[in-house]
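Okay, so here's the structure we're looking at.
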Amino acid sequence: MPIHNSDISGILRKVADLLDIEGANQFRVRSYREAAQNIDNLSGDVSTMVAEGQELTAIPGIGSSMAEKIREIVDTGTLGQLEEITSRIPESLTDLLRLEGLGPERVGDLYRQLGIETLEALEYAVEDHRIRELEGFGAKTEEKIGHELERIGEQDIRTMYSEAEEYTEPLMEYLKGCEGVGKIAVAGSYRRRKETVGDIDILATCDNIQSVMELFVRYEDVDEVLAHGETKSSVRLRSGLQVDLRAVAEKSYGAALAYFTGSQRHNIRLRERAQERNLKINEYGVFPEGEEHPVGGKEEEEVYASVGLPYIHPELREDRGEIEAAEDDNLPGLITLNDLRGDLQMHTTASDGTASVREMAEAARALGHEYIAITDHSQRVTVAGGLDADELAEEIDRIDEINESFDGFRILKAVEVDILKDGRLDLEDDILQRLDLRVCCIHYHQDLDEEVQTTRVLRAMENPYFNILGHPTGRELGRRGEMALDMERIMDRALEYGCFLELNSTPRRLDLNDIYCKMAKERGVKIAISTDAHSTGELQHIRYGINQARRGWLEPDDVVNTRPADELLRLLHRD
DNA sequence: GCCGTTTTCGGCCCGACTGTTTTCAGTCG
């Protein structure tokens with residue numbers, strides 16, 4: 001069985017959590033967590049590195065000891081050290097860490113004093129009021145644990161970005177209109193445009209803090225006020241989304257924005273650099289060692305400048321090499337919405353869309369696109385009304401006709417053709433060759449094992465009419481994980497054959513994810529950013545794709561649909 | 001456990017809040 005980076009980081013995190021619960025040295029625990037994170041951020045497979053005899057210690061945060069453990073995981077699929085620890089304390093204790101307010105020490109206490117090993121046992125202990133008897137715990141803590149147990153039982157606690165946007169944008173409009181509000185911005189993972197967000201952090205400078213806080217907690221969409229203090233208020237909206245509003249001083253605005261935007265790991269790197277320069281960075285500003293007066297903090301740029309770096313866009317702040325790139329003056333010129341000239345996947349009433357070809361075209365043109373590709377489903381996808389060869393031929397004729405009526409806008413004749421179980425495409429070459437573009441996708445048999453699934457895709461790519469691998473990993477946030485695929489092999493073959501990978505902008509898909517986008521870029525594989533719109537309104541989803549692309553370091557040149565139509569068609573042609 | 005043009009030993013980001021205490025540990029972002 002192939003070992004993936006996520007398998008390795010998962011084991012290292014487990015070791016970290018368990019050591020933490022056992023009370024091991026904090027810095028030792030941290031080193032496991034950092035190693036895990038750095039492995040997740042890699043653009044290549046660790047198992048490949050091991051196979052090729054590359055030095056794992058080249059990965060930041062991995063020394064000789066950690067490298068040895070990783071090799072053991074790659075070779076055996078497991079880690080002797082983990083088994084040794086789990087012979088001392090139960091592995092299930094790490095489940096308890098998921099509860100907010102329960103950290104490693106308290107989980108350790110619960111286990112040692114009450115023998116609690118599982119979430120279920122914890123629930124019984126809460127019901128029997130056994131928690132409040134423990135030293136260091138109390139009635140309030142017990143109640144909170146009870147609430148947390150209910151909450152994580154109910155749902156995935158992170159919210160999709162698009163959903164958070166739905167609630168955050170109107171709230172921001174409201175706050176901007178409030179008397180006394182000066183500068184205001186959303187920070188946190190929302191500002192980093194992460195695909196899911198935990199809660200929303202809003203920062204504001206205010207003339208009259210008290211009245212602004214008052215207006216905030218009285219916002220019509222507020223369901224519950226969780227905290228209502230002088231500088232920070234916290235509410236839960238009807239949607240369940242938690243929103244914090246923090247009042248900050250004008251002179252600290254930039255420092256606070258940097259601080260609350262994160263990510264935490266990015267911040268740690270900044271503060272380490274500050275230390276090296278005898279400076280201290282916190283949410284109030286940049287301070288020379290031992291001094292009370294800041295040398296910067298009003299603007300975010302000052303924080304970066306103080307540690308010798310240019311401004312770094314929020315989407316990059318994940319400690320995935322952006323600090324080093326900034327240091328070398330080598331930050332990517334991130335793609336923006338304006339760079340895109342067209343949209344390369346969408347559906348019409350011919351299959352499972354809700355608008356006609358012409359309606360989609362006119363809506364796309366109104367958004368400023370120069371071209372679109374109409375990609376209705378192929379016959380195999382019966383639930384979506386997939387087209388057979390004759391139906392697709394009719395659509396081709398219809399598009400030719402409509403194109404006659406356009407000047408300066410072009411509809412590309414295309415299809416979303418199913419990749420069958422054996423790797424063949426769902427339509428014959430004679431109809432595929434009449435199209436400008438083919439997006440190839442897996443819809444059925446998503447659970448094959450890695451070797452079979454990878455071979456299936458590679459085989460499909462051998463077809464000379466294969467242009468773009470659509471929603472490549474098949475994942476859907478909160479619903480379905482990625483298919484088992486060797487993405488390195490797929491990307492290498494895509495480069496060799498002149499195929500491209502899609503970044504599907506559907507909010508629940510956002511497939512490829514940020515890390516795969518960066519990996520494709522580093523390997524020279526170009527990306528197509530598409531909406532997969534099923535209605536005219538969904539054409540606007542393209543901005544979510546752009547968010548993800550920016551998180552994946554993509555520049556205009558890395559994306560095929562930044563090209564004019566003629567150039568794009570030349571690029572698509574395989575020979 | 002990692003790391004190093006002041007270090008191969010002695011450091012390892014920083015502050016706020018909460019609940020439990022009576023000066024602080026644990027947790028969080």
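Heavy-atom basis, side chains included; hydrogens, waters and symmetry copies ignored. Chain identifiers are assigned alphabetically (A, B, ...) following the order of the sequence lines, protein sequences preceding nucleic acid strands; residue numbering begins at 1 within each chain.
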Could you state the atom-to-atom distance from [atom1] of [X] to [atom2] of [N] in whole Å?
X: A:Leu134; N: B:dG19; atom1: CG; atom2: P; value: 17 Å
X: A:Glu133; N: B:dT20; atom1: CD; atom2: C1'; value: 15 Å
X: A:Gln275; N: B:dC12; atom1: CD; atom2: P; value: 6 Å
X: A:His147; N: B:dT18; atom1: NE2; atom2: P; value: 16 Å
X: A:Ile145; N: B:dG19; atom1: CD1; atom2: P; value: 12 Å
X: A:Glu143; N: B:dG19; atom1: CD; atom2: P; value: 10 Å
X: A:Arg265; N: B:dC2; atom1: CZ; atom2: C1'; value: 13 Å
X: A:Glu283; N: B:dC17; atom1: CD; atom2: C1'; value: 12 Å

Strand-adjacent residues in [range], judged by heavy atoms under 4.0 Å from DNA chain B:
range: residues 75-96 of chain A; answer: none
range: residues 292-320 of chain A; answer: none
range: residues 22-40 of chain A; answer: A:Asn25, A:Phe27, A:Arg28, A:Arg30, A:Ser31, A:Tyr32

**OP:** Evaluate the criterion side chain to side chain donor-acceptor pair (under 3.5 Å) for residue pair A:Glu482 and A:Tyr516; output intermediate values, then yes/no.
**Re:** CA-CA 12 Å; A:Glu482 296 178 5; A:Tyr516 284 135; 3.1 Å; yes
Kindly give the atom pairs (protein nitrogen or oxygen, nucleotide nitrogen or oxygen) under 3.5 Å for nucleotides 27-29 of chain B.
| residue | atom | partner | partner atom | Å |
| --- | --- | --- | --- | --- |
| B:dT27 | OP1 | A:Gly103 | N | 2.6 |
| B:dT27 | OP1 | A:Gly103 | O | 3.0 |
| B:dT27 | OP1 | A:Arg106 | N | 3.1 |
| B:dT27 | OP2 | A:Glu105 | N | 3.3 |
| B:dT27 | O5' | A:Gly103 | N | 3.4 |
| B:dC28 | OP1 | A:Gly101 | N | 2.5 |
| B:dG29 | N7 | A:Gln264 | NE2 | 3.3 |
| B:dG29 | O6 | A:Gln264 | NE2 | 3.4 |
| B:dG29 | N2 | A:Tyr259 | OH | 2.4 |

Using 4.0 Å as the upper bound for N to carboxylate O, is an ion pair formed by [Y] and [X]?
X: A:Arg550; Y: A:Glu315; result: yes
X: A:Arg13; Y: A:Asp40; result: yes
X: A:Arg317; Y: A:Glu322; result: no
X: A:Lys521; Y: A:Asp558; result: yes

**OP:** Could you please name the partner base of B:dT18, counting Watson-Crick and G-U wobble pairs only when both distances are under 3.5 Å?
**Re:**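 B:dT18 is paired with B:dA25.
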Looking at every heavy atom in both [X] and [Y], which two are closest together, and how far apart are they?
X: A:Pro310; Y: A:Leu331; result: CG-CD1, 4.1 Å
X: A:Leu119; Y: A:Leu96; result: N-CD1, 3.6 Å
X: A:Arg33; Y: A:Asp17; result: NH2-OD1, 2.9 Å
X: A:Leu42; Y: A:Ile515; result: O-CG2, 3.9 Å
X: A:Ser47; Y: A:Ile3; result: OG-O, 3.1 Å
X: A:Gln548; Y: A:Arg475; result: NE2-NH2, 3.6 Å

Side chain of [X]: nearest nucleotide among [options]?
X: A:Glu272; options: B:dG19, B:dG1, B:dC12; result: B:dC12
X: A:Ser65; options: B:dG15, B:dC12, B:dC2; result: B:dC2
X: A:Lys280; options: B:dC2, B:dG19, B:dG15; result: B:dG15

Would you measure the distance from the [atom1] atom in [N] across to the matching atom in [M] and give it in whole Å?
N: B:dG19; M: B:dC12; atom1: C1'; value: 29 Å
N: B:dT6; M: B:dG1; atom1: C1'; value: 24 Å
N: B:dG11; M: B:dC17; atom1: C1'; value: 28 Å
N: B:dG10; M: B:dG15; atom1: C1'; value: 24 Å
N: B:dT22; M: B:dT18; atom1: C1'; value: 15 Å
N: B:dA16; M: B:dT21; atom1: P; value: 24 Å
N: B:dC28; M: B:dT23; atom1: P; value: 25 Å

**OP:** Look up atom CG in A:Leu110 and atom CD in A:Glu105, then write down how far apart they are to the nearest 0.5 Å.
**Re:**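 Interatomic distance, A:Leu110 CG to A:Glu105 CD, rounded to 0.5 Å: 12.0 Å.
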Subject >> side-chain contact (heavy atoms from CB on, under 4.5 Å), paired with A:Asp514, selected from A:Met519, A:Lys194, A:Arg320 >> reply: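 That would be A:Arg320.
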Original post:
Does the side chain of A:Glu195 come under 3.5 Å of the side chain of A:Asn547 through a donor N or O and an acceptor N or O?
Top reply: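 Side chains of A:Glu195 and A:Asn547: no pair found under 3.5 Å.
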Original post:
Under the rule syn = chi within 90° of 0, otherwise anti, which is B:dT22?
Top reply: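 Anti, angle beyond 90° from zero.
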Original post:
Relative to the 5' end of DNA chain B, which residue comes earlier, A:Glu142 or A:Met66, by the nucleotide with the nearest heavy atom?
Top reply: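 Mapping each residue to its closest nucleotide by heavy atoms, the 5'-most match is A:Met66.
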Subject >> Whether A:Asp128 side chain and A:Ala125 backbone form a donor-acceptor pair below 3.5 Å >> reply: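 Checking the backbone N and O of A:Ala125 against the side chain of A:Asp128, no donor-acceptor pair under 3.5 Å is found.
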Just distance, no hydrogens or angles: give the donor-acceptor pairs under 3.5 Å from side chains in residues 179-192 of chain A, sequence neighbours left out.
| residue | atom | partner | partner atom | Å |
| --- | --- | --- | --- | --- |
| A:Tyr190 | OH | A:Glu169 | OE2 | 2.7 |
| A:Arg191 | NH1 | A:Thr261 | OG1 | 2.8 |
| A:Arg191 | NH1 | A:Glu300 | OE2 | 2.8 |
| A:Arg191 | NH2 | A:Glu300 | OE1 | 2.8 |
| A:Arg191 | NH2 | A:Tyr311 | OH | 3.3 |
| A:Arg192 | NE | A:Glu318 | OE2 | 2.8 |
| A:Arg192 | NH1 | A:Thr261 | O | 2.7 |

Subject >> Lys NZ or Arg CZ of A:Arg106 over A:Phe137 ring: under 6.0 Å, within 45° >> reply: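 Checked: cation-pi criterion met.
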For nucleotides 3-6 of chain B, which of its nitrogen or oxygen atoms have a protein nitrogen or oxygen under 3.5 Å away, and what is each distance?
| residue | atom | partner | partner atom | Å |
| --- | --- | --- | --- | --- |
| B:dC3 | OP1 | A:Gly61 | N | 2.9 |

**OP:** Tell me, with the steps shown, if A:Lys280 and A:Gln275 meet side chain to side chain donor-acceptor pair (under 3.5 Å).
**Re:** CA-CA 6 Å; A:Lys280 183 177 70 172; A:Gln275 260 190 343; over 6 Å; no
